[in-house]
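Side chains included, hydrogens not; waters and symmetry mates left out as well; all remaining heavy atoms used.
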Amino acid sequence: THLMVAVRSTSESQTGCFGDINKVDTTGASCRTASAEGLPYCGVSASTKIAEKDLHTMNNYKTIIKSAGRKKCVDPAVIAAIISRETHAGTALKGGWGDHGNGFGLMQVDKRYHRLVGQWNSETHLLQGTGILVGMIEGIQKKFPRWTKEQQLKGGISAYNAGLQNVQTYDKMDIGTTGNDYANDVVARAKFYKRNGY
């Protein structure tokens with residue numbers, strides 16, 4: 001029985017402080033995002049497929065993703081999903097950089113708005129990126145206090161891509177994000193990572 005207790009408390013702490021990713025609704029990847037990934041279908045199944053392709057490489061970072069998640073009280077599955085969406089677990093980066101040399105590291109912290117810390121693939125970097133995400137979720141909590149925790153989590157994920165000002169309504173929060181599907185795609189990928197040990 002001792003083992004059961006340990007397992008239960010770990011899984012609880014790993015959902016984080018910002019709602020349960022499994023309860024967040026999502027339409028998944030847009031057809032634009034899916035076709036850019038070479039998939040002939042869109043939606044949640046496309047997000048799942050893309051996340052699955054990144055899983056093997058993602059597992060190289062699993063320890064630091066979980067550690068950063070614990071320290072910032074964010075579900076590691078959400079961090080993994082952002083890393084998948086931003087950099088395909090680092091495989092899309094050149095020397096740690098993406099986005100025409102503005103985005104740094106696994107989570108693509110923008111050097112124009114943030115003082116970069118750590119190596120591109122370090123826990124220090126993940127703590128910075130996750131801290132930025134937490135700031136966005138907290139900004140959404142202030143802006144939309146009546147939204148549920150899960151709605152605020154999704155809003156924060158959208159704002160991580162396009163900023164707080166871009167999130168105006170729940171249903172249309174992704175309009176103006178990259179591919180017009182950022183939060184929906186990330187949420188769907190996070191559900192996959194959650195099922196796969198994150």
side-chain contact (heavy atoms from CB on, under 4.5 Å) between Val24 and Leu153, intermediate numbers included: CA-CA 8 Å; Val24 182; Leu153 171 59; 4.1 Å; yes
Nearest-0.5 Å distance that lies between atom CD1 in Ile65 and atom OH in Tyr193: 8.5 Å
Drop me the distance from Glu138's CD to Leu164's CG, to the nearest 0.5 angstrom. 10.5 Å
Salt bridge (Lys or Arg N to Asp or Glu O under 4.0 Å) partner of Asp185, chosen from Arg32, Lys154, Lys49, Arg85: Arg85
For Leu106, the option from Ile79, Ile82, Leu126 that meets side-chain contact (heavy atoms from CB on, under 4.5 Å): Leu126
Hey, quick one: are Val74 and Val117 part of the same hydrophobic cluster, counting side-chain heavy atoms closer than 4.5 Å, chains of contacts allowed? no
To the nearest 0.5 Å, what is the distance between OH (Tyr198) and NZ (Lys66)? 8.5 Å
Do Phe144 and Gln151 have side-chain heavy atoms sitting under 4.5 Å apart? no
Evaluate the side-chain proximity of Gln141 to Gln152: yes if any heavy-atom separation is below 4.5 Å, no if none is. yes
Are side-chain N/O atoms of Ser84 and Arg189 paired as donor and acceptor at under 3.5 Å? yes
Scan side-chain atoms only and decide if Ser30 and Thr33 contain a donor-acceptor pair under the 3.5 Å cut-off. yes
Would a 4.5 Å heavy-atom cut-off, applied to side chains only, mark Met173 and Thr169 as touching? no
Ring center gap for Phe104 and Trp120 short of 6.0 angstrom: no
Looking at Gln119, I'd like to know if its CD atom is crowded, meaning that more than 12 non-hydrogen atoms belonging to other residues, nucleotides or ligands lie closer than 6.0 Å. no
Side chain proximity check, Thr48 to Arg195, heavy atoms < 4.5 angstrom: yes
State whether a side-chain donor-acceptor pair under 3.5 Å links Asn166 with Tyr182. no
Is it the case that Asp110 and Asn102 place a side-chain donor and acceptor less than 3.5 Å from each other? no
